[in-house]
Amino acid sequence: MAKNTSRNPRYAALNAGGNENTRRLIDASTRLAEEMGRIFPADPDIADRHYWLETIINHVPDYIYAKDTDGRFLIANQVTVADNGLESLRDIIGKTDFDLHPQHLAMAIAEVERRVIETGEPIFGIEERAMVTKGRDRWLMTSKVPLRNKSGKIVGIVGVSRDISDRKAAERLLEGQAHLLEMIANGRPLDEFFRELILLIEALIPRIRGSILMLSPDGHRLLHGAAPNLDETYCGMIHGVEIGPKAGSCGTAAWRGEQVIVADIFEDPLWEDYREIVRPYEFRACWSTPIHSRERKVLGTFALYSEAVCVPDEQQKELIAMAAHLAGIAIERKQAEDRISFMAHHDALTGLPNRALFEEQVAEALEALRGTGQWAVLAFLDLDNFKLVNDTLGHAAGDELLKVTATRMRASVRKSDMVVRVGGDEFILLLNGLPCERDVVLARLEDIRAAIAAPMQINGRGLQVSCSMGVACFPNQGKTVGELLANADMAMYRAKELGRNNLQVFTEEMADKAHEKLLKQAELRQAIARDEFLLHFQPQVNLETGRVFAAEALLRWRHPERGMISPGDFIPLAEETGLIVPIGDWVLRAACRQCKAWHDDGLPLLIVSVNVSARQFRERNWAAHVAAVLAEIGLDPRFLELELTESLIMQDVPGALATMHELEAIGVHLAIDDFGTGYSSLSALKRFPVRRLKIDRSFVEDIPADVDDKAITAAIISLAQNLGLRVIAEGVETQAQVDFLRHSGCDEIQGYFFSRPLASADFEALLRQPAMTADAP
Ligand SMILES: Nc1nc2c(ncn2[C@@H]2O[C@H](COP(=O)(O)O[C@H]3[C@@H](O)[C@H](n4cnc5c(=O)[nH]c(N)nc54)O[C@@H]3COP(=O)(O)O)[C@@H](O)[C@H]2O)c(=O)[nH]1
């Protein structure tokens, strides 16, 4: 084989390219072959043979040796002698591994050799550690075979070991990198990652100690990251060091954004101001590499210290670059994680904690207060008329208002308190550790309300916004977060009931009311299923003919225990809970069905008029739903009139207009109920596709005594006439009212004067009186 390779340079070159060990072996073989050729006589004697054999083994770069059964060296090649720090073969003969290596390594070697001697079985290719070349820790791949004398008795071992330290280092590096990448992927804490990274580099570069420093958020200082083998006091001293053009290796590397290799700390001017700090630790060299982000922003530094004056070789530089790169990935990943976590726990607009973070932290805050005799105050806070600001000044102004409010609230509380945005214009305040004095608590909360209500400038406009608060105190008004939130919510409800811009503290009475409300809500929910609703009908009369032309459907609830309940007592709750949608739908169907039944019974073709709530009207595809109900029942749409209140329309004029046009297209008629109580502008009114205005009862009731009401009523009638609309007055109770309305040109009336709302059978009887009804519209 050696012959082959030596004679075939192409073959030798090919192999040499692959591996350093192979190249060394080929070189040695080539030299050996040359020497043998030179000294090989035709007929060698035994002395020559020994010489040749010695020459051969001394040319082999691997360690070759023989030992007796007590582990004493009998013979060894030159490289074994030299790498154990000895000069000649004579120096190693008779020595054991215990004379050359540390105890634990020597014991491991002896154990393997003992096995070979005892079993007579060779061992091939085991990996073992040994100290060769003056204390340098090396990895060897070793094969050991029994050494036998002429009679076949085992008298020791023969060993061949190859230095595989470079391969082992490469393996270690690969394993280390894989482990570090896994740590990044698993989101291990940064300090743990840094520690592992430094330990890996320390294992690969002998006699150095590593440190990682992080750039402070303001970009001016370096903060301790990790340094598992540096003295803690030293780390403490460099923590917070300012970066600059002459700030040691790390401070300068971070400042310049480039690697700074200081071979001798005591000579290099960059260390002039820091020498005394480092002197007790006897470091001489410090090589620092900035840790960069992908956008080349400096995130920190990766530094290696050595007690020797030295610079890194190319291989070490590559390792350092790899370490700094991995550190950069880990830091960026951590920063991204922190950002995501911040976003998940904070409100993007105001930067305040959100409900999720509040729920994570509040229980702990309350627990800390338990038994201290102090109060925590939980307040729900709602900006008054925020919607109006949004609608009139635009959403950008609304956002700005929320931001200013958040800043003011944060500035009005202590660091230990919490201000949370829970959505829209709703906030939660948690004030910690207050004295148990109602007046102190109220004063603190009123201060916050006053801060919010102070004038502000939004988009160049002066603005002042009040707020409402509902308050519950821990532990008296709630022992758990859930109780406190529920009670503060009840108090907030009360504050709104009282007209906003005020603060209400939870009371037991509120809880009782809320409980009652809950019961009512449950009953209301069941009322449809139990068929407890019914309709009464009130005639609408044409003033000119004196005939009934329509019937307004008015809902009643026949409660099994409380008897007949009027809508005023349950419609507001139904509106609040959204139950008005199924209830309103029931009314629509029942009214249309009744109207159709009267038509089918041959009674005069009357219109049925149905009240519509805002919640119902805002339902998606509501007009299509109405059309479907009419089709299902078989009532011609022109016999249905829907009464929409002015305030319902004005909540969202474009939306309302669209639905009104859809209804008009179906053929359904529309009337504006309670006209005069809202704030519809005349220009808007002109655009509404309505047939009738209904003058609110409040204007009619004091006619003829109240001059203003008379004037308003007359004005509404005149307005309707000018817009080509019919006009009906409701709540008409007296002849005087009828006279005034007729005189003013009012078209129609509805009220007790003519008839109270009637049960369907009574209404039917009324219709059967011939003089009572007119023809179809
Ligand atoms: N969304 C829905 N609202 C409805 C429905 N049914 C009724 N309502 C609304 O409830 C409020 C109270 O209604 P009700 O107690 O039935 O009172 C009506 C009449 O009885 C009353 N009225 C009629 N004439 C007179 C009168 O001469 N004097 C007097 N004091 N009261 C009178 O007015 C109520 C009708 O008002 P309006 O609807 O504005 O025409 C009431 O707001 C109803 O709208 C429903 O199904 N859905």
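The shown structure was predicted, so the numbers you read here are calculated from the model rather than taken from an experiment. For ligands, and for the atoms within them, numbers begin at 1 and follow the listed sequence. Starting from 1, each residue takes its place in the sequence as its number.
- In summary, Arg768 and Glu764 engage in a salt bridge, as defined by a charged side-chain N under 4.0 Å from a carboxylate O.
- Ring pair Phe639/Trp598: centre-to-centre distance not below 6.0 Å.
- When each of Glu730, Glu646, Lys694 is tested with Phe675 by the rule side-chain contact (heavy atoms from CB on, under 4.5 Å), just one qualifies, namely Glu646.
- Relative to the ring axis of Phe358, Arg355 does not place its NZ or CZ within 45° and under 6.0 Å from the centre.
- Of all atoms in ligand 1, numbered sequentially from 1 with element shown, those under 4.0 Å from a heavy atom of Val732 are 27 (O).
- A salt bridge between Asp399 and Lys403 is absent, with no side-chain N of the basic residue lying under 4.0 Å from a carboxylate O of the acidic one.
- Taking a distance limit of 4.0 Å, we find that atom 42 (O) of ligand 1 is approached by no protein heavy atom.
- Between Glu426 and Arg421, no side-chain nitrogen of the basic residue sits less than 4.0 Å from a carboxylate oxygen of the acidic one, so the salt-bridge criterion is not met.
- Of the heavy atoms in Asp674, only side-chain atoms (C-beta onward) come closer than 4.0 Å to ligand 1.
- Looking only at protein heavy atoms, the nearest one to atom 35 (C) of ligand 1 is Leu554 CD2, 3.9 Å.
- Residue contact check: Gly751 has heavy atoms under 4.0 Å from atoms 24 (N), 27 (O) of ligand 1.
- With a 4.0 Å cut-off on non-hydrogen atoms, Leu555 touches ligand 1 through its backbone as well as its side chain.
- The protein heavy atom nearest to atom 16 (O) of ligand 1 is Arg556 NH1, 2.8 Å.
- Contacts between Lys694 and ligand 1 below 4.0 angstrom, taking non-hydrogen atoms only, involve the side chain exclusively.
- Among protein heavy atoms, atom 38 (O) of ligand 1 sits closest to Glu552 OE2, 3.0 Å.
- Among protein heavy atoms, atom 11 (C) of ligand 1 sits closest to Pro567 CG, 4.2 Å.
- Under the 30°/60° scheme for interplanar angles, the aromatic rings of Phe533 and Trp557 are found to be tilted.
- Between Glu497 and Arg494 a salt bridge is recorded (basic side-chain N to carboxylate O distance below 4.0 Å).
- Looking at Asn611 next to ligand 1, an N or O pair under 3.5 Å apart turns up.
- The shortest N or O to N or O distance between Gln750 and ligand 1 is not below 3.5 Å.
- The shortest non-hydrogen separation linking Ala406 to Leu352 is CB-CD1, 3.6 Å.
- No N or O atom of Ser566 sits closer than 3.5 Å to an N or O atom of ligand 1.
- When Asp708, Thr713, Asp709 are each tested for a side-chain contact (heavy atoms from CB on, under 4.5 Å) with Asp702, only one passes: Asp709.
- The nearest heavy-atom contact from the protein to atom 37 (P) of ligand 1 is Glu730 OE1, 3.1 Å.
- Ligand 1 does not have Gly584 within reach: every non-hydrogen atom of the residue lies 4.0 Å or more from it.
- Interatomic distance, Leu642 CG to His669 NE2, rounded to the nearest 0.5 Å: 10.5 Å.
- Panel note: side chain Asn542, backbone Thr545; a donor-acceptor pair is recorded below 3.5 Å.
- Relative to atom 29 (C) of ligand 1, the option among Glu643, Glu733, Gln616 with the closest non-hydrogen atom is Glu733.
- Of the protein's heavy atoms, Gln538 NE2, 3.0 Å lies nearest to atom 24 (N) of ligand 1.
- For atom 22 (N) of ligand 1, the closest non-hydrogen atom on the protein side is Arg697 NH1, 3.5 Å.
- Looking from atom 20 (O) of ligand 1 to the surrounding protein, the closest heavy atom is Pro757 CG, 3.4 Å.
- Under 4.0 angstrom from ligand 1, there are no non-hydrogen atoms of Arg756.
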